[in-house]
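Structure first, commentary second.
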Amino acid sequence: GVRLLLHGLCSNTTVKSLDLKGNNLRTMGAQALGKLLMQNKSIRRLTLEWNSLGMWEEGFSFFCQGLRANNFLQHLDLRNNQINHQGAGELAMALTQNSSLQELDLRWNNIGLQGGRALLNCLHSNKTLKRLELAGNNVPGDILKAVEQALDHNQDREAILSEAQNQVNILSKEVLSLKDEKNKQFMDFVDTVDKQKEERARSEKMSAARVSQLQEALDEQYSIMNSLKTKLQMTEAALALSEQKVHSLGELLNAVKQEQNSVAEGHFRELQQQKQEGADREGRLLHDLSAASEKNLLLRNQVDELERKCKVQQDQLFQVKQDLTNTTAELKLRAVEAEERLEMEKRRFKQSLEDMESLRVKEVDRMAQHMEASERSMHNRIQRLEAIRISLEEELSQVKAAALTERGQAEEELIKVRSQARLEEQQRLEHLEEKLRLMTESRDEAQNCCLKQKEMVAEAQAKAKQLNLYADGLRRKLDELQQDLDSKEEEKVTELNKVKVELQEKIGHLEAERAAQDGLREKIAALERQLKALSSNHREALLDKEGEISLLLEKLRMKEAEISRMREEEAQRASFLQNAIMAYVQGSPLGTHGSRK
């Protein structure tokens with residue numbers, strides 16, 4: 001019956017405790033128990049009191065073989081089983097390879113001196129047994145004391161191992177917390193990069209709107225040119241009509257010449273005087289035109305100077321990308337160097353991030369290696385302690401004190417490792433704060449450059465206002481001249497041919513001005529292409545940039561916005577100059593003749 005019961009329990013996984021006390025088990029029962037211990041993995045407590053298993057040597061040896069193969073049983077009760085010194089030797093051989101049994105009760109057997117020594121020798125290799133009862137076995141007292149000391153040593157070793165495991169768990173938790181903090185910092189950094197990308201998209205939208213405004217201004221200039229062309233066509237038609245009138249008046253004059261011969265001389269003198277006055281006025285007008293053309297050239301020179309200043313500002317902008325250290329002369333070289341510096345900064349930042357990550361990984365590995373080394377050293381020390389215990393059992397108290405001191409040293413080493421990790425983290429934080437401080441200083445320098453550029457723009461605006469006032473004065477003078485010419489228009493019919501020639505020259509000047517406007521338009525288009533190229537380059541660079549590159553790109557966006565404003569102001573100044581020239585041409589004597597007729 002016991003054999004069938006134990007055969008059924010071999011595959012059972014729920015029974016944790018089995019009590020077979022007082023069942024008179026014999027050889028078959030002992031063999032069934034050995035098979036059960038070989039196959040079952042759930043039983044933790046087995047009670048076999050009052051079964052006389054020691055009488056059957058073959059069955060008990062098979063039982064000991066099952067105990068040797070079992071790694072799950074923790075409590076075994078073999079009281080009153082008539083186990084002799086041979087059974088104790090087989091049981092000791094089983095215990096040398098068993099690594100799970102913690103309590104063994106062998107009271108009231110017949111183990112004797114040899115059995116006690118065998119059990120004592122097995123405890124040198126068995127480190128898991130914590131409780132061994134040998135009362136009533138005729139075992140000498142010194143062997144019992146040695147057994148108790150070995151069991152105490154096993155208990156101390158188990159306590160030390162548990163403490164070391166707890167420290168390892170604490171360190172692993174701290175490493176995980178450090179990893180979580182690093183991941184949080186990285187996620188915060190990614191969020192800041194996304195925000196900077198959004199700001200970049202908004203700035204690109206604003207630049208696109210400004211480009212559309214420039215296009216509208218160019219369309220307005222095209223419409224002004226078309227209106228000027230229509231006015232020229234009207235003046236040509238008026239000139240044709242004036243030629244017809246001159247022909248008719250010539251016929252009338254030929255008819256009236258005979259009647260006004262006496263008056264012709266006086267009129268001729270008056271006409272000569274008027275011609276002289278007209279020639280003087282024409283000379284003054286030509287002088288004013290030459291002065292205006294010189295002023296136009298000066299304004300063009302100023303525009304060129306402004307363009308050069310714009311180029312210098314662009315150079316300064318790229319100089320900010322190169323840590324505000326070097327200056328270059330040409331805008332294209334500055335752009336190439338700035339892109340190269342951006343790539344270098346990007347690679348450097350990536351390298352720094354990789355270095356930081358590798359340092360972090362190395363630190364984690366180093367801490368893990370240190371923990372493994374400390375654990376190995378603890379195991380080595382435990383083995384050495386065991387050797388010392390075997391050789392010097394009477395000095396066990398001193399060995400315990402040494403173990404305690406070594407544990408304190410291990411804790412101190414752990415504290416040192418923690419403090420060193422914290423110091424390294426603080427040093428990294430200080431290094432990052434220093435970088436942030438340097439970047440804020442560079443931002444302040446860029447803001448100072450922006451203020452200087454704003455002052456230059458204000459000076460240019462003041463100059464533009466002065467030019468507008470001067471143009472208003474010229475308009476008033478032209479109005480006065482127009483009034484004088486209106487009073488004597490009838491007397492200068494013969495000079496219409498000269499006026500026509502002058503109008504053709506003016507048309508040539510207007511065409512030259514239109515060509516200049518086309519050149520300016522081409523320059524604006526080139527600048528727009530440069531802006532598009534820069535924006536595309538910055539867009540591509542924004543995909544990989546981090547940290548310090550984002551700050552530099554924010555400065556670049558500010559500089560580009562200022563450059564676009566400068567360009568808009570330059571375009572406005574060019575349109576103002578064109579309007580002033582057109583107004584001057586329209587207000588000249590040639591323009592007034594055409595407009596009146």
Rounded distance [0.5 Å steps], CD in Glu562 versus CE in Met566: 9.0 Å
Interatomic distance, Arg200 atom CZ to Leu556 atom CG [nearest 0.5 angstrom]: 8.0 Å
Side-chain heavy-atom pair Met582, Asn579 within 4.5 angstrom cut-off: no
All side-chain contact (heavy atoms from CB on, under 4.5 Å) counterparts of Gln572, not counting sequence neighbours: Ser575, Phe576
With sequence neighbours excluded, residues passing side-chain contact (heavy atoms from CB on, under 4.5 Å) with Lys195: none
Rounded distance (nearest 0.5 Å) linking atom CZ of Arg202 with atom CZ of Arg557: 9.5 Å
Pairwise distance OG1(Thr192) to CE(Met187) - rounded to 0.5 angstrom: 11.0 Å
Under the salt bridge (Lys or Arg N to Asp or Glu O under 4.0 Å) test, residues paired with Glu434 that sit two or more places apart: Arg437
side-chain contact (heavy atoms from CB on, under 4.5 Å) involving Asn169 - partner list, sequence neighbours excluded: Gln165, Asn166, Ser172
Salt bridge (Lys or Arg N to Asp or Glu O under 4.0 Å) between Arg573 and Glu569, worked out: CA-CA 6 Å; Arg573 292 192 195 96; Glu569 290 173 359; 3.6 Å; yes
Ile170: partners by side-chain contact (heavy atoms from CB on, under 4.5 Å), with sequence neighbours left out: Glu174, Arg418
Nearest-0.5 Å distance that lies between atom CD in Gln196 and atom CD in Glu554: 5.0 Å
Spacing of Thr230 atom OG1 and Met234 atom CE [to the nearest 0.5 Å]: 7.5 Å
Name of the residue among Lys184, Gln185, Lys179 meeting side chain to side chain contact (heavy atoms under 4.5 Å, CB included) with Lys182: Gln185
